[in-house]
Amino acid sequence: MKLVFVTNNQHKLHEIRQLIGEQIELCSLTDIGFTGEIPETHETIEENAREKAIYIYNRYHMDCFADDTGLEIESLDGRPGVYSSRYAGENVSYEDNMNRVLEEMKTMTNRRSRFRTAISLIIGGKEYLFQGEIKGEILTEKRGSSGFGYDPVFKPDGYNKTFAELPLEEKNRISHRGRAIAKLADFLKNQAGGF
């Protein structure tokens, strides 16, 4: 089975390939010759994932899936949420986004947060939605050098390490994206004709 993963993020592509394994031929946007930007104009991660998947499906008529992820922090009223990748502005680094969160939270004692991922899969013109979530807390300083995004400041419940300190295999097993992808993989195996 061939699927297009609607992303330009090489970190995400690497993580998803690790999670899905060899059973599916996973293509990136570059592999299909798409180099433009895909709009993300909605207020929820579910709607953004859907918008990206439909955008590529309508143009290439290839089975595909897209994800969107948000970090939701209780003391920031759910921010950065759908704006997680551009929280410090357009065309900023992961570091800039983390620094903004740490600055906004420096006097806050409630550090509870959660990561949520939504995946929109389109096969044969039909759409399916999968979600994953993990709860944890935002640390007061960055720890670790693996991963990407907010990984160095997010410590999942039940662990004494941040996502950036965990081995990729372990992070993938417990992460919001890993949980959503596991549901996607189960669906493909059980409902869509198998691998």
Side-chain angles (χ1 to χ4, degrees), residues 3-17 19-20 26-74 76-104 113-123 125-135 138 147-154 163 171-172 175-184 187:
L3 269 181
V4 177
F5 179 26
V6 182
T7 188
N8 286 314
N9 185 320
Q10 293 306 306
H11 296 288
K12 278 188 186 181
L13 193 60
H14 178 67
E15 279 191 6
I16 299 279
R17 280 197 171 122
L19 288 163
I20 285 191
L26 195 61
C27 302
S28 68
L29 289 175
T30 305
D31 294 335
I32 63 169
F34 181 84
T35 56
E37 286 297 314
I38 299 175
E40 290 183 55
T41 60
H42 296 284
E43 294 298 313
T44 70
I45 62 171
E46 293 82 5
E47 290 170 317
N48 276 342
R50 183 172 190 264
E51 180 178 33
K52 291 187 280 190
I54 289 170
Y55 186 91
I56 291 301
Y57 185 82
N58 286 344
R59 279 156 185 77
Y60 291 87
H61 305 289
M62 296 175 76
D63 293 340
C64 63
F65 68 95
D67 80 320
D68 199 30
T69 293
L71 171 65
E72 299 171 349
I73 301 171
E74 279 184 14
L76 297 181
D77 300 321
R79 292 189 320 271
V82 74
Y83 302 105
S84 293
S85 65
R86 53 193 183 278
Y87 193 50
E90 295 295 327
N91 303 314
V92 297
S93 68
Y94 297 139
E95 202 74 17
D96 295 331
N97 288 325
M98 266 190 294
N99 288 339
R100 177 172 176 190
V101 163
L102 291 175
E103 179 63 27
E104 287 185 358
S113 61
R114 67 178 180 171
F115 267 119
R116 286 195 318 117
T117 291
I119 294 173
S120 171
L121 168 70
I122 300 180
I123 292 185
K126 283 190 73 176
E127 185 198 8
Y128 306 89
L129 187 68
F130 307 92
Q131 299 194 52
E133 172 184 306
I134 186 164
K135 295 181 178 181
I138 300 298
F148 64 99
Y150 297 91
D151 287 357
V153 296
F154 182 82
F163 269 172
K171 177 196 166 188
N172 282 344
S175 78
H176 47 295
R177 188 172 294 109
R179 291 173 177 180
I181 287 290
K183 292 175 185 175
L184 168 69
F187 174 83

[X] side chain vs [Y] backbone, donor-acceptor pair below 3.5 Å:
| X | Y | result |
| --- | --- | --- |
| Arg59 | Tyr55 | yes |
| Tyr57 | Gly125 | yes |
| Asn97 | Tyr94 | no |
| Tyr150 | Ser84 | yes |

What heavy-atom pair brings [X] and [Y] nearest, and what distance separates the two atoms?
| X | Y | result |
| --- | --- | --- |
| Asp96 | Ala88 | O-CB, 3.6 Å |
| Ile73 | Pro80 | CD1-CD, 4.0 Å |
| Gly36 | Asn8 | O-ND2, 3.7 Å |
| Cys64 | Leu3 | N-CD2, 3.8 Å |
| Thr41 | Asn48 | N-OD1, 3.4 Å |
| Val6 | Lys52 | CG1-O, 3.8 Å |

- Message: Please determine whether a side-chain nitrogen of the Lys or Arg among Glu46 and Arg50 lies less than 4.0 Å from a carboxylate oxygen of the Asp or Glu.
- Response: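 A salt bridge is absent here (no side-chain N lies under 4.0 Å from a carboxylate O).
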
- Return the set of residues passing side chain to side chain contact (heavy atoms under 4.5 Å, CB included) with Thr30 (not counting sequence neighbours), or none when no residue passes.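 Result, side chain to side chain contact (heavy atoms under 4.5 Å, CB included) vs Thr30: Ser28.
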
- Give the ring-plane orientation class for Phe115 versus Phe163, where under 30° counts as parallel, over 60° as perpendicular and anything between as tilted. parallel

Please report the interatomic distance [atom1]([X]) to [atom2]([Y]), rounded to the nearest 0.5 Å.
| X | Y | atom1 | atom2 | value |
| --- | --- | --- | --- | --- |
| Asp67 | Thr7 | CG | OG1 | 6.5 Å |
| Leu71 | His176 | CG | NE2 | 8.5 Å |
| Ile54 | Glu47 | CD1 | CD | 10.5 Å |
| Ile138 | Leu102 | CD1 | CG | 8.0 Å |
| Ile181 | Phe5 | CD1 | CZ | 6.0 Å |
| Arg179 | Ile119 | CZ | CD1 | 13.5 Å |

[X] vs [Y] side-chain heavy atoms within contact, under 4.5 Å:
| X | Y | result |
| --- | --- | --- |
| Lys171 | Asp151 | yes |
| Ile45 | Thr117 | no |
| His14 | Phe148 | no |
| Phe65 | Leu26 | yes |

- Message: Test side chain to side chain contact (heavy atoms under 4.5 Å, CB included) on Tyr60 and Val4; report intermediate values, then the result.
- Response: CA-CA 10 Å; Tyr60 291 87; Val4 177; over 6 Å; no

- Task: Mind checking side chain to side chain donor-acceptor pair (under 3.5 Å) for Gln10 and listing every partner two or more places apart, or none if nothing turns up?
- Result: none

Please list, one pair per line, the donor and acceptor atoms closer than 3.5 Å that link side chains of residues 128-135 to other protein atoms, with sequence neighbours excluded.
unit_1: Gln131; atom_1: OE1; unit_2: Arg116; atom_2: NH1; d: 3.3
unit_1: Glu133; atom_1: OE1; unit_2: Arg114; atom_2: NH1; d: 2.8

- CG (Asn58) with more than 12 external heavy atoms under 6.0 Å: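 Yes.
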
